[in-house]
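Throughout, residue positions are numbered sequentially from 1 according to the sequence presented. Values in this document were obtained by computation on a predicted structure and should not be read as measured data.
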Amino acid sequence: MVNIFIKSFNRPFYLDRCLQSIENFVEGDFCVKVLDDGTPETYLSKIKEKHPKIEIITSENYQNKVAAIAENLQSGKEIDGFTIPTNLWYRAAKNASDYFIMIEDDVWFNHKINVNDLQETCQKNQISLLKLGWLGNKKDDEFVEISEITEEILRVEPKNLLLFPEFFNDLFFYNKFKFFTILYKLGIVDNATKQKYWALNSILMGFWQKEYWLHIWKNARGKVDEKQQLRNASNYYRKNQDNPNFIARLEKEALKTTFQSSATNSYHKYGDDFDVNYFNHLINQAWLNGSFDEMQNFPKDFSLEYFEKFLNEKIDKTAFRNWVSTFKNQYKNLGCEIE
């Protein structure tokens, strides 16, 4: 039995879409667990009603996050999107199957997979991370060697990674004692160097070997720390670098994500007069009362015109479209394929 974990926060309209796509596209022996950090109970009850086979597990900070959402709607006080439930995720992964899927509520499957087959292939070929999606990013392919493991799975071998012992790796990723700066001045690294290490990680779309995921997230303390994740991944990979199949990806991506919403305002403030928290509230309510179709425009993302049908005068539609355009361009500049 393969676990499918979905990290979730206050966007039941996307969570519903994600769960429906699992029912439509995922085959094999699996169970779905939603790891929720504050979606109000009214919404979770409807999710459970629509998808009775799933299990919903809430974080230790769940009630505080629910209260923060209510306070935001009442007074406009920002929701802290930087504090994340790493303890919840870690406990779930620690008690999971040897291989599991870890995704977020704003991704959805658009291509069939069989988790039994994937697990068998990963075990046979000693794959620690199989990427089910990578946002069509071919720009980062210059940092890796890609070749075939099977017709459906490609090995992804990082090229020219600097793999230091753990002590020096800490200096490298955090630039302690100006270690990275010194390497930069010596011409050993450049501004693109750290980007190469993302070949070892997947935030949204991973089929993981448990031990590797736990190593990447060890000592996470409720905050997003990408340097820590990449340092931990590098430490683990250094001990497994002779395995050419350590990282792999599907030949055809099986997951998509959105660039038209965010869980909070914390990470995507672009100077536009657009409040994503209030936007999510309006769409959540439309979804709750049954007027919002969670599968509209599938397998593509919801159309902007469809979203705009549910907005009121408090949301400037031009500001909304500008915000979406900036969000998309941010990832296009990284090499991602954005519709």
Side-chain angles (χ1 to χ4, degrees), residues 2-27 30-59 62 65-66 69-70 73 79 81 85 88-89 92 100-113 115 132-133 203-205 253-264 276-311 315 320 324 339:
V2 173
N3 292 118
I4 300 177
F5 296 117
I6 307 172
K7 303 174 186 176
S8 171
F9 178 75
N10 197 34
R11 285 186 294 174
F13 61 98
Y14 269 120
L15 176 58
D16 193 5
R17 185 182 184 88
C18 177
L19 290 166
Q20 189 62 53
S21 76
I22 291 172
E23 294 172 14
N24 293 345
F25 290 96
V26 180
E27 299 173 345
F30 64 90
C31 62
V32 178
K33 297 184 180 184
V34 175
L35 308 178
D36 192 82
D37 191 37
T39 304
E41 181 59 35
T42 305
Y43 301 144
L44 291 184
S45 294
K46 182 171 180 178
I47 287 290
K48 186 67 175 175
E49 179 183 326
K50 294 188 71 173
H51 307 279
K53 293 182 180 180
I54 70 168
E55 180 181 356
I56 299 175
I57 307 171
T58 56
S59 68
Y62 173 81
K65 285 292 188 74
V66 171
I69 292 169
L73 290 172
I79 300 169
L88 172 64
W89 303 343
F100 59 80
I101 293 174
M102 185 71 78
I103 55 178
E104 299 191 3
D105 54 7
D106 61 352
V107 306
W108 57 92
F109 287 88
N110 67 332
H111 179 65
K112 282 193 179 295
I113 65 167
V115 294
L132 304 179
I203 300 298
L204 291 175
M205 304 176 175
E253 291 188 83
L255 284 168
K256 298 178 71 69
T257 191
T258 184
F259 298 91
Q260 300 179 169
S261 172
S262 180
T264 68
V276 76
N277 296 316
Y278 189 65
F279 170 86
N280 289 338
H281 169 70
L282 293 177
I283 306 302
N284 287 347
Q285 288 298 110
W287 169 85
L288 183 65
N289 68 33
S291 59
F292 186 88
D293 176 11
E294 71 278 359
M295 300 304 283
Q296 188 269 342
N297 206 36
F298 189 88
K300 295 181 179 180
D301 200 353
F302 302 107
S303 68
L304 294 183
E305 293 79 10
Y306 188 68
F307 271 141
E308 288 172 348
K309 289 172 58 176
F310 303 96
L311 305 183
I315 297 284
F320 167 55
V324 169
E339 293 178 343

List in chain and number order the residues that pass salt bridge (charged side-chain N to carboxylate O under 4.0 Å, His left out) with Lys50, two or more places apart in sequence or in another chain; answer none if no residue qualifies. Asp16, Glu294

As an exercise, state the distance from CD of Glu55 to CG of Leu35, rounded to the nearest 0.5 Å. 9.0 Å

Looking at side-chain heavy atoms only, is the closest gap between Thr58 and Thr39 below 4.5 Å? no

I'd like to know whether Asp293 forms a side-chain contact (heavy atoms from CB on, under 4.5 Å) with Phe298, so could you lay out the CA-CA distance, the side-chain angles of the two residues, the decisive distance to 0.1 Å, and finally the verdict. CA-CA 10 Å; Asp293 176 11; Phe298 189 88; over 6 Å; no

Calculate, to the nearest 0.5 Å, the distance between atoms CD1 and NZ belonging to Ile54 and Lys33 respectively. 12.0 Å

Distance-only, no hydrogens or angles: does the Asp105 side chain make a donor-acceptor pair with backbone N or O of Phe9 under 3.5 Å? yes

Could you check whether any side-chain heavy atom of Pro12 comes within less than 4.5 Å of a side-chain heavy atom of Asn284, counting everything from C-beta outward? yes

Is the closest side-chain heavy-atom distance between Val66 and Glu41 below 4.5 Å? no

Heavy-atom pair of closest approach, residues Lys300 and Lys256: CA-CE, 4.4 Å

Gap between atom CG of Asn277 and atom CD1 of Ile79 - 0.5 Å precision: 4.0 Å

Any side-chain heavy atom of Glu23 within less than 4.5 Å of one from Lys53? no

So which heavy atom on Val34 is nearest to which on Ser8, and how close? CG1-CB, 3.6 Å

Distance in Å, Cys31 SG paired with Asn3 CG, rounded so as to fall on 0.5 Å steps: 4.0 Å

Drop me the distance from Gln20's CD to Phe25's CZ, to the nearest 0.5 angstrom. 10.0 Å

Close side-chain approach of Trp108 and Asn24, heavy atoms under 4.5 Å: no

Hey, does Pro40 have a side-chain heavy atom less than 4.5 Å from the side chain of Asn10? yes

Going through the checks in order, is the side-chain contact (heavy atoms from CB on, under 4.5 Å) test met by Ile4 and Ile22? CA-CA 9 Å; Ile4 300 177; Ile22 291 172; 4.1 Å; yes

Quick one: does any side-chain atom of Lys65 pair with a main-chain N or O of Ser59 as donor and acceptor, under 3.5 Å? no

Using 30° and 60° as the class boundaries, would you call the ring planes of Tyr306 and Phe310 parallel, tilted or perpendicular? perpendicular

What residues form a salt bridge (charged side-chain N to carboxylate O under 4.0 Å, His left out) with Lys7, not counting sequence neighbours? none

State, without any angle test, whether Asp301 and Tyr14 hold a side-chain donor-acceptor pair at a distance under 3.5 Å. yes

Any chance you could measure Thr258, atom OG1, to Arg17, atom CZ, to the nearest 0.5 Å? 8.5 Å

Let's go through Ile6 and Cys18 carefully: what are the C-alpha distance in whole Å and the side-chain angles of both, what is the deciding distance for side-chain contact (heavy atoms from CB on, under 4.5 Å) to 0.1 Å, and is it a yes or a no? CA-CA 9 Å; Ile6 307 172; Cys18 177; 3.8 Å; yes

Full working for side-chain contact (heavy atoms from CB on, under 4.5 Å) between Leu19 and Ile47: CA-CA 9 Å; Leu19 290 166; Ile47 287 290; 3.7 Å; yes

